[in-house]
Student: 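So that we are looking at the same thing, I have put the structure below in structure tokens.
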Amino acid sequence: MSQYIIRRLLQMIPTLIGISIIVFAISQMVPGDYITASQNPNMTAERADQLRAIYGLDKPPVQQYFIWVKNMLTGNLGDSFQHKMPVTEVINTYVWNSFIIAFVTMILSWTIAAFVGVFSAQFQYSFFDKVVTLLVFLLMSLPSFFIGLLAIKYIALDLKLFPTGGMTTAGLNAGGFAYIKDVVEHMFLPVVVMTTLTVGGLTRYFRTGMLEVIRQDYIRTARAKGLQERTVIFKHAFRNALLPAITLLGFELPGLFGGAMILERVFAWPGIGQIYLASINMRDYPLMLGFTMFLAVLTLLGNLISDILYGVADPRIRLK
Amino acid sequence: MKKRLSLMLVTLMAFGSILAACGGGEEAAPADNGTDSAVTTPAESGEDAAGETPAEGADSESAIGLTEATDMTMNPPGAVNRTDSMIIGTVAPQGVFNPLFHQTAYDFAIDDNLFSSLIKVKADGTYENDMADKIDISDDNKTYTFHIRDDAKFSDGTPVTANDYLFTMKLYMDASYDGQSDPLSWNVVGANEYNKGTAKDISGIKVVDDKTVEITVSDYDAMTQVNLGAVAPLPEAYYGKGYKQGDLTSVKQLNAKPVGSGPYKLKSYSAGQEVDLVANEHYYGGVAKIPNVIFKVTTDTTNMAMLQSGETDLDNVTVNEDNVEELKSMGFLDVNVLKNNGYGYVAMNNKNPLFSDVKVRQALTYGLNRAEVVEAAYGPYAEVINIPQSDVSWAYTADKINTYDYNPDEAKKLLDEAGWTVGSDGIREKDGKKFEINFSATADNPVVDALIPIMTENYQELGIKLVTETLDFNAIMEKKDRGDYDMFFAAWGLTPDPDTTVYITDGAQNNSGYSNPKVDELYAKGKKELDLDKRKEIYAEAYQQINADAPEILMYQRTNMLAINGRLDGWDISPYKEYQHSLSQVQAAQ
């Protein structure tokens, strides 16, 4: 197993090199750079040249690429043009805010999807299944900013149940439990909206997985032995139905850290998604490339994790 | 999974292009106008524009200006009880709390309260002394002596000295300085040598005594005094610890822990959430009347809701009739609709033979119903302009300015005179060439959306075919740099001073390729003249010339809206003097 992991990790190196070349090439091909994107009306040609020299943007692209890679190997992603601090620090400042809501959303949506999926598979084509299917597709097709705005209007503004936006109450100098309570109140609406959006797709995965398993011979055998339906479903069928889902779990890894661009804006949540989006618009290459590479590494790791988990969960799969 | 990922990518790209397009197109330029004339509002300026919806009707007389709160009893208790603090809604600052390095107008607003400069901007766009109590200028306008106030202190209690000023100038002139200012253009003697590392000191800056500093420049212009005076001295004892010539890393590391001489000091900052300021008890201008100021991050989806619930006391809200109506109906808000320091225009490629004839350019201006476009895009909250200057500026003139009111007959006459005759298919032609304009448009920009249909119809009537292509704003800018374009729409920001390179031959910002030696001469003269009355005449003449040449189709000057809780009094706000300059003098009404 450890040999397999090492081999997979080594295989990641050429993949990462390929990714780095592609993202860097795209950044070079996109028109404009930070200096033109800032649209400073007083920018003289001389000052623009000075800035490009300071940022190293005046060098040939190939040389820029190798400087960037060399710095990355030493753990230095460079300084963000906009934030005037190291990219790693910018990411570290915002990524955890995104992680909190993504993590809670993941737990909630997986739990809900597992139960709903299993029940709608068990009672396939029943009224419950039809209602769930309808709801699931309805929720999947709603644009996130739209339900976000609706939630703000009705739940936050009219009913005043939760705050309209942000992560903490302004001027609140609380620590400990009061602080946690404040953050939980603020994250309620974004988490609910994000869960609503993701739960739909997941439910379909669980339902399909379950449907396949339920038709297997060993389930018929289990029923034939006279086992209770609950035991059949949750002990025998559910564990096997989980297998395809485990693969999905690994893919969730980059999503946990990637941030939710649209919802973060709607709820003024201080996450990395908005920062990443701004870095693209402002052509803040160090931040944009650095975060893209960060996500690429997470995606590859997620792949590896799901393969390993699959092997662990299913003894029929042997990883060599 | 693949599907979800690609969906995300599509949304991302769609959003990205919207923001990029508007960020460049509509509010391309800085929203601020303080002493530091070069701070931009990057990405989110586009979002504002994207959120703006066309409004119609209403009477333009009352649309611009201040509407006071009508019923303070409707003020939510949360706001009423907050007597020792105010909460300001803002777009997320980036946490660059150093006037040398800040990149956005939002960091700038906070820095303005943490640091003070030798001079400050007045409501009319001119400057007055702030931390300097006297400024002497030599007869040749090349030596400037600043006398720093005796009581000027940093927030840690140490006095502001001439050495701190010199130190700050060194940071500006440093080879690794990458902030928004262009310090080498200030022409301070010895600055280039310091920048290149061939000198350890800036020979043109002489510390006369603790409170007096003398600066010599190799060449002066009207902005010299402003450039030198707008510098906010940083305490050398604090920022200078790790500084080595050629490397500003140690200074930047202190961006999150500022020490300055402004009315407030930083208490705490949580990225993307809020910035807490507390009054600086050492402030020479008198301790601020409201001791706590909190900048809370809001977005265009939450800002109105938070004003309404009393969670914020002040915020910028997108101007449109619905928003104005709603804010006014709340009763407890003072609603300020202020002229924006900037203007939108349709650029024409003057180097393209199509537009090289002044008669054609005039015809295209006459032939476009600009009032209708502006009305469609902004309702009563923008006005058609005819010179590239804000009508609140001292340099503004309406004297001998042609207003180019919509007049298709005049336009047709001018086109005939220019030799463009109507062909058999109704399209004008000259020397066998059809009059066809290729308009490069940005997507999802409210002005472009309003402009294109009206322009197509108007120009069709003149016998001109308008073809549009939709591009990313950066792509349009690249086409512009290559000179490979006919027309595009963009906007400029205006600084308090009228000097600009937009209309001078081969100027760095000259997008249209316009060239008129007379205008070049006037701009050069205006830059060198220090007497305000004489400058007024010079710029008036330049504007008259530009107006006659019509190098671009000037469109509109729009407005910004600032809503302030009526419980706060003592503001002194103008398009040039933003709200942040008033914070220390504002008090809560009893």
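Only this structure's heavy atoms are used, side chains among them; waters, hydrogens and symmetry mates stay out.
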Student: Using non-hydrogen atoms only, which part of A/Y55 is less than 4.5 Å away from chain B: side chain, backbone, both, or neither?
Tutor: side chain
Student: Between B/L184 and A/Q50, is any pair of side-chain heavy atoms under 4.5 Å apart?
Tutor: yes
Student: After noting the C-alpha distance and the side-chain angles of A/M85 and B/N255, does the key distance pass the side chain to side chain contact (heavy atoms under 4.5 Å, CB included) rule?
Tutor: CA-CA 9 Å; A/M85 58 163 114; B/N255 283 351; over 6 Å; no
Student: Name the member of B/T302, B/D178, B/T299 that forms the most heavy-atom pairs with chain A at distances under 4.5 Å.
Tutor: B/D178
Student: Using heavy-atom distances under 4.5 Å, tell me whether A/D33 contacts chain B through its side chain, its backbone, both, or neither.
Tutor: neither
Student: Pick one of side chain, backbone, both or neither for B/A256, based on which atoms fall under 4.5 Å of a heavy atom in chain A.
Tutor: neither
Student: Quick one: closest heavy-atom pair of B/K296 and A/G165, and the distance?
Tutor: NZ-O, 4.4 Å
Student: Let me confirm one number: the NZ-NZ distance from B/K252 to A/K84, rounded to the nearest 0.5 Å.
Tutor: 5.5 Å
Student: Is the CG atom of B/D506 crowded by more than 12 outside heavy atoms at less than 6.0 Å?
Tutor: no
Student: Once you round to the nearest 0.5 Å, how far does CD of B/Q273 lie from CH2 of A/W269?
Tutor: 7.5 Å
Student: So which atom in B/A271 and which in A/T93 form the shortest heavy-atom distance, rounded to 0.1 Å?
Tutor: CB-CG2, 3.2 Å
Student: So, the side chain of A/R47 versus the backbone of B/S185: is there a donor-acceptor pair under 3.5 Å, distance only?
Tutor: no
Student: With a 4.5 angstrom heavy-atom cut-off, is it the side chain or the backbone of B/A92 that approaches chain A, or both, or neither?
Tutor: neither
Student: Got a sec: does the NZ of B/K527 have more than 12 other heavy atoms crowding it under 6.0 Å?
Tutor: no
Student: Would you mind checking which part of B/S176 comes under 4.5 Å of any heavy atom in chain A, side chain (CB onward), backbone (N, CA, C, O), both or neither?
Tutor: backbone
Student: Which region of B/E311, side chain (C-beta onward) or backbone (N, CA, C, O), has a non-hydrogen atom less than 4.5 Å from a non-hydrogen atom of chain A, or is it both or neither?
Tutor: side chain
Student: Under 3.5 Å, is there a donor-acceptor pair between the A/Q82 and B/Q94 side chains?
Tutor: yes
Student: Looking only at heavy atoms, which two atoms of A/P31 and B/D472 are closest? And how far apart?
Tutor: CG-OD2, 4.4 Å
Student: Side chain, backbone, both or neither: which part of B/F295 has an atom under 4.5 Å from a heavy atom of chain A?
Tutor: neither
